[in-house]
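Reading through the structure tokens given below for one structure.
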Protein chains: 2
Amino acid sequence: MRTFVAVVETGQFQDAAADLSITQQAVSKRIAGLEKDLAVRLFTRTARGARLTIDGQAFLPHARELLRVAERAVASVLPGSRPLRVDVIASRSAASGLMRGFHRAHPEIELDVVMLFDIETAVAAIRSGAIDASFRAVAAPGRPLPEDVESVWVLDEALQLLTGPAHALAGARSVTVAQLVGHRIWMPGIVPGTEWAAYYDDLVAEFGLTIEATGPNFGSDALLDTIADTPALATFMGEQTRLVWPADHGLRRIPVTDPAPVYPHSLLWRRDNPHPGLAALRAHLAAAAAGHDAAGTWAPGWVIRS
Amino acid sequence: MRTFVAVVETGQFQDAAADLSITQQAVSKRIAGLEKDLAVRLFTRTARGARLTIDGQAFLPHARELLRVAERAVASVLPGSRPLRVDVIASRSAASGLMRGFHRAHPEIELDVVMLFDIETAVAAIRSGAIDASFRAVAAPGRPLPEDVESVWVLDEALQLLTGPAHALAGARSVTVAQLVGHRIWMPGIVPGTEWAAYYDDLVAEFGLTIEATGPNFGSDALLDTIADTPALATFMGEQTRLVWPADHGLRRIPVTDPAPVYPHSLLWRRDNPHPGLAALRAHLAAAAAGHDAAGTWAPGWVIRS
DNA sequence: AAGGCGCACAACTGTTAGTTGTGCACTAAG
DNA sequence: CTTAGTGCACAACTAACAGTTGTGCGCCTT
């Protein structure tokens with residue numbers, strides 16, 4: 001691809017060869033190989049160089065795009081000034097939405113979003129510099145943050161009840177936590193030992209809910225499928241989660257109140273991380289998060305919201 | 001890259017090897033080579049397979065994107081059902097704008113936009129099936145379209161005068177063609193023998209304008225630079241051309257009237273071309289082009305607008 | 001402690017990408 | 001029309017590399 005683009009830009013096999021520090025014959029071979037693989041002629045050879053064929057013209061922008069993507073791929077793991085790397089707790093959490101908003105506001109800042117196992121892993125990764133920031137609930141029970149890691153509360157994501165059309169609560173405009181007692185709530189894929197698990201453990205302990213947080217996670221499609229078909233099951237879902245789901249399956253989203261269980265997202269980062277994108281992210285979040293209110297909500301006692 | 005993604009998807013070197021029909025050792029070598037090139041560890045090897053490192057997680061979406069782009073690149077020249085291939089007269093012409101609009105309306109139709117030398121080349125390419133459609137002015141003087149090529153007038157693109165701030169006409173709200181007589185109009189990059197050249201030849205012959213359509217084209221940046229700095233020079237530019245140019249250079253766009261010279265774009269295609277995207281394009285243009293009016297405009301006598 | 005699973009290392013081999021040397025087609029100048 | 005020059009392709013050769021088989025080692029499971 002690089003050779004192809006080089007030939008296009010120089011207009012000659014020989015000059016392209018000089019650019020690439022190889023011989024003209026090698027360029028000839030590479031182009032011939034590419035043309036053979038594609039089963040298409042890319043250049044018309046003239047006495048004064050090489051001109052693109054129509055197929056070559058159609059191919060060119062794709063070739064350039066490929067080189068751009070390859071460059072970004074390498075940059076994504078390049079030590080030094082690599083893209084800002086942010087950990088979120090789940091791809092459908094409110095944190096992902098915040099990152100999308102940040103990307104819209106600062107498209108020039110290259111981003112990589114990853115999902116680590118739990119807050120312990122995330123903090124270790126932050127301290128080592130492997131990631132630049134993390135959206136998590138702080139602090140895990142009995143585990144205060146280390147000195148060199150700072151955090152700031154960003155937002156609360158309210159949990160909503162998701163039910164199928166035949167569920168007993170499917171018609172409710174909203175439900176209180178007390179009303180949920182006795183109903184089976186299914187949360188597959190929650191890994192024991194993570195702060196997610198701790199969150200639901202506390203929710204169960206405080207309000208006597210029935211949460212089945214075990215079992216393998218076969219993906220959200222399978223989960224939604226089951227919820228839609230099973231009248232006795234419901235699940236919790238972040239209010240900002242966008243469901244990609246045909247409307248006719250009749251899934252219902254029902255706000256929970258008295259109190260509203262919320263999952264608090266804080267941003268964590270290493271105090272001395274010099275990445276310029278990190279400062280921009282903190283500024284963006286500070287502006288976006290102004291005016292939140294914790295009244296009437298519930299979060300585990302170990303959570304710091306400040 | 002394919003190997004990397006295969007390992008991620010299977011979670012094991014061995015299964016990935018089976019998918020790729022190579023041995024486990026070859027997969028091991030490929031991954032080791034990739035990790036060496038990137039100078040980064042992508043997987044943590046465990047007794048039950050391979051898990052992504054943080055760097056690997058950051059790299060993964062880029063790798064997937066690269067494979068997608070590579071696939072599209074191959075598809076762009078694949079004989080058979082390749083993307084709809086459309087020729088436009090210039091990347092900044094109104095035809096490009098129409099194609100962008102078409103792409104917004106039908107994002108599912110893969111497009112390749114190319115620029116051929118002149119209408120002769122374009123017609124030959126249409127007849128051979130190398131391209132599916134072309135936006136051009138028809139018909140070139142004395143060269144009627146062949147039987148198997150159809151055309152339909154799509155729109156007129158009015159030419160505007162582009163001047164620097166010190167040009168004598170810079171302050172005008174609009175100018176008539178008569179007022180342009182005696183002013184030097186510079187159009188570098190117009191290749192003799194093309195229908196572009198014929199268009200300007202006719203314009204000169206009919207109104208006695210001074211158009212310097214010769215000289216090498218050093219790109220639009222150089223052109224705009226010169227226009228901005230040279231009080232004695234102006235140029236023509238399509239009304240829909242979007243200038244990417246700092247506002248403070250003081251370039252002026254001035255409509256031309258009595259009559260308004262327009263460049264007519266027709267769509268050309270081969271009558272028996274079965275590409276499904278072509279029918280969609282024609283329908284889109286028919287809907288978008290309704291209600292144009294040729295009154296008060298000028299185009300060369302050889303142009304067919306119907 | 002034993003077995004099995006999964007990846008890495010070593011040695012070998014075939015292919016391929018690169019090199020040098022040369023020829024051929026086309027252009028431009030005399 | 002001839003001749004020199006330019007630019008790409010083909011041929012022969014070499015070195016490197018990708019893939020193979022064979023094997024070993026660490027870790028998890030039982």
Side-chain angles (χ1 to χ4, degrees), chain A residues 1-57 59-60 63 66-67 70 74 117 121 191-193 216, chain B residues 1-57 59-60 63 66-67 70 74 117 121 191-193 216:
Chain A
M1 287 298 198
R2 234 176 282 281
T3 308
F4 170 73
V5 172
V7 172
V8 172
E9 282 173 355
T10 61
Q12 291 197 170
F13 282 33
Q14 302 206 124
D15 294 356
D19 282 7
L20 300 168
S21 304
I22 57 175
T23 61
Q24 165 263 311
Q25 290 86 335
V27 172
S28 202
K29 262 194 172 182
R30 284 186 181 177
I31 299 300
L34 187 60
E35 289 178 331
K36 189 188 162 197
D37 288 346
L38 296 173
V40 143
R41 202 137 189 84
L42 296 172
F43 293 101
T44 56
R45 278 74 163 173
T46 76
R48 268 204 301 278
R51 293 177 58 86
L52 281 174
T53 62
I54 295 173
D55 284 311
Q57 282 187 51
F59 191 66
L60 176 59
L66 193 82
L67 295 183
V74 172
F117 178 68
T121 315
V191 185
Chain B
M1 287 298 199
R2 236 178 281 282
T3 308
F4 171 73
V5 172
V7 171
V8 172
E9 282 173 355
T10 60
Q12 291 196 170
F13 282 33
Q14 303 206 123
D15 294 356
D19 282 6
L20 301 168
S21 303
I22 56 175
T23 59
Q24 165 262 310
Q25 290 86 336
V27 172
S28 203
K29 262 195 173 183
R30 285 187 181 178
I31 299 300
L34 187 59
E35 289 178 331
K36 189 188 162 198
D37 288 345
L38 296 172
V40 142
R41 202 138 189 83
L42 297 172
F43 293 101
T44 55
R45 278 74 162 173
T46 75
R48 266 203 303 277
R51 295 176 58 87
L52 281 174
T53 62
I54 295 173
D55 285 311
Q57 283 187 51
F59 191 67
L60 176 59
L66 193 83
L67 294 183
V74 172
F117 177 68
T121 316
V191 184

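Each chain gets a letter, A, B and so on, in the order its sequence line appears, and its residues count up from 1.
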For the residue pair A/Phe43 and A/Phe4, does the interplanar ring angle fall in the parallel (under 30°), tilted (30 to 60°) or perpendicular (over 60°) class?
tilted

With rounding to the nearest 0.5 angstrom, report the CD to CG distance, B/Glu9 to B/Asp19.
8.5 Å

Considering only heavy atoms, which members of residues 10-21 of chain A lie under 4.0 Å from some atom of DNA chain D?
A/Gln12, A/Phe13, A/Gln14

Would you give the length of the straight line joining atom CZ of A/Arg45 to atom CZ of A/Arg51, rounded to the nearest 0.5 angstrom?
14.0 Å

Inter-residue atom distance B/Gln25.CD - B/Thr23.OG1, 0.5 Å rounding
4.5 Å

Taking 4.0 angstrom as the limit, do B/Glu35 and B/Lys29 come out as a salt bridge?
no

Can you tell me how far CG of B/Leu20 sits from OG1 of B/Thr10, rounded to the nearest 0.5 angstrom?
8.5 Å

Please tell me which of the listed nucleotides, C/dC7, C/dG21, D/dG22, lies nearest to the side chain of B/Gln24?
C/dC7

What closest approach, in Å, do A/Val7 and A/Ala50 show between heavy atoms, and which atom pair accounts for it?
CG1-CB, 4.3 Å

Minimal non-hydrogen separation, B/Leu66 against A/Ala70, with atom names
CD1-N, 3.6 Å

Under 4.0 Å between any heavy atoms, over every strand shown, what does B/Ala50 touch: base, sugar-phosphate, or nothing? Just pick one.
sugar-phosphate

As a test of reading the structure: which of D/dT20, C/dA28, C/dT22 is closest to the side chain of A/Gln25, going by heavy atoms?
C/dT22

Of all heavy-atom pairs between B/Arg41 and B/Thr53, which one has the smallest distance, and what is that distance?
O-OG1, 2.7 Å

What heavy-atom pair brings A/Val5 and A/Ala63 nearest, and what distance separates the two atoms?
CG2-CB, 4.0 Å

Which nucleotide in the set D/dA18, C/dT22, C/dG18 lies at the smallest distance from any side-chain heavy atom of A/Lys29?
C/dG18

Distance check: side-chain N/O of B/Arg48 vs OP1/OP2 of D/dT29, anything under 4.0 Å?
yes

From the list C/dG18, C/dT20, D/dT20, which nucleotide is the closest neighbour of the side chain of A/Ile22?
C/dG18

Go through residues 34-46 of chain A and report each residue with a non-hydrogen atom lying under 4.0 Å from DNA chain C, sorted by number.
none

Out of D/dG22, C/dA28, C/dT19, which nucleotide sits closest to the side chain of A/Thr23?
C/dT19

When the C1' atoms of the five terminal pairs at each end define the local axes, what inter-axis angle does the helix from C/dA1-D/dT30 to C/dG30-D/dC1 show, to 10 degrees?
30°

A/Ala47 vs A/Arg30, nearer the 5' end of DNA chain C by closest nucleotide:
A/Arg30

Within a strict 4.5 Å, meaning less than it, do heavy atoms of the B/Arg30 and B/Phe13 side chains meet?
no

